[in-house]
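As a basis for the values below, the full set of heavy atoms in this structure was taken, side chains included, without hydrogen atoms, waters or symmetry mates. Counting starts at 1 for both ligands and their atoms, following the listed order. Residues: numbered from 1 along the sequence shown.
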Amino acid sequence: MYYLVANWKSHKHVADVRHWFETVELALAETDEVAVVVCPPAVHLFDAYDLVQQQSLPVTLGMQDISAYPFGKYTGAIAAEMVAEQVDYAIVGHSERRRYFGETDSEVAKKVDMCLMHEIIPIVCVDEPYLESQLHVIDSQAYDSMIVAYEPLAAIGSGEPDTPEHAQQVARSIRDLTTSKVPVLYGGSVDAENVGLYLNQSLIDGALVGGASLDARDWSALVQAVV
Ligand code: PGA
């Protein structure tokens, strides 16, 4: 199973979301071998959900982040329980969350727990040289139920992706530190042209894509390159 995960980050007005889902072409993605996951900003999640349902698109939805807390007095936070019906996945510990919002390894571990309590698959973002501390803070029982995304900082949004060979080596380290079965994604300047190079690596199970997911045509091309 390959995972193609679109991370829209803080982009798009309401009207852009509708336009994206109306123009995206995923007919070829109706296969059991490729999971297409779209992570819109949380404020657009329910619109996205309705659009996916109305058009029966072969897409599942994900969050870009999830609260480390349950329902309760946590102003501004979105608890896993609130979105469990709409999403199957949640990105946790993205480097931008760690960098701009001060997210720590132990908060990321709590987010993983909250996801799993509500049957949301966490996509845990990690980078060298912190793989061990970022992964070992997570309860090892979660290793069988999560996905790990290797996202080298220098490659994110820079147009300078890591080499597929090095990404493969890191995927091996991630498996050694967790389990041999954990799906590993590569993220960082992936586009329709280079996605195949990563997915051809035996230990890489998909891609986490920012910039090349924003335009529906770019994303359609990327999905079609894989399918
Ligand atoms: P990029 O972002 O594809 O724009 O490099 C990837 C990410 O940050 O998830």
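The proximity of Ala155 to ligand 1, defined as any non-hydrogen pair under 4.0 Å, is limited to the backbone. Heavy atoms of Ile156 found under 4.0 angstrom from ligand 1 belong to the backbone as well as the side chain.
Heavy-atom proximity to His94, at under 4.0 Å, picks out these atoms of ligand 1: 7 (C), 8 (O), 9 (O). Taking every non-hydrogen atom of Glu151 and a distance limit under 4.0 Å, the qualifying atoms of ligand 1 come out as 6 (C), 7 (C), 8 (O), 9 (O). Near Gly211, meaning under 4.0 Å from any of its heavy atoms, are these atoms of ligand 1: 1 (P), 3 (O), 4 (O). Near Asn7, meaning under 4.0 Å from any of its heavy atoms, are these atoms of ligand 1: 9 (O). The atoms of ligand 1 that sit less than 4.0 Å from any heavy atom of Gly157 are 1 (P), 4 (O), 5 (O).
By the 3.5 Å distance cut-off applied to N or O atoms, Ser158 is not counted among the residues near ligand 1. In terms of N/O distances under 3.5 Å, ligand 1 is approached by Gly210.
Minimum interatomic distance between Tyr198 and Thr163 (heavy atoms only, all atoms of both residues): CE2-C, 4.0 Å.
Linking ILVMFWY side-chain heavy atoms closer than 4.5 Å, directly or via other members, places Leu45 and Val5 in two distinct hydrophobic clusters. Both Phe71 and Val83 sit in one connected hydrophobic cluster of ILVMFWY residues. Membership requires side-chain heavy atoms under 4.5 Å apart, directly or through other members. The hydrophobic clustering, which links ILVMFWY residues whose side-chain heavy atoms are closer than 4.5 Å, places Val37 and Val195 apart.
Separation of atoms OG1 (Thr60) and OH (Tyr89) is listed at 5.0 Å; rounding is to 0.5 Å.
Of the charged side-chain nitrogens involved, none lies within less than 4.0 Å of a carboxylate oxygen, so that Lys111 and Asp105 do not count as a salt-bridged pair.
Ligand 1 lies within reach of Gly188, whose nearest heavy atom is under 4.0 Å from it. For the pair Ser189 and ligand 1, a heavy-atom separation below 4.0 Å is found.
His94 and Gln64 form no side-chain donor-acceptor contact under 3.5 Å, judged by distance and modelled atom types alone.
For the salt bridge (Lys or Arg N to Asp or Glu O under 4.0 Å) with Asp65, the qualifying choice from Arg97, Arg98, Lys9 is Arg97, the only one to do so.
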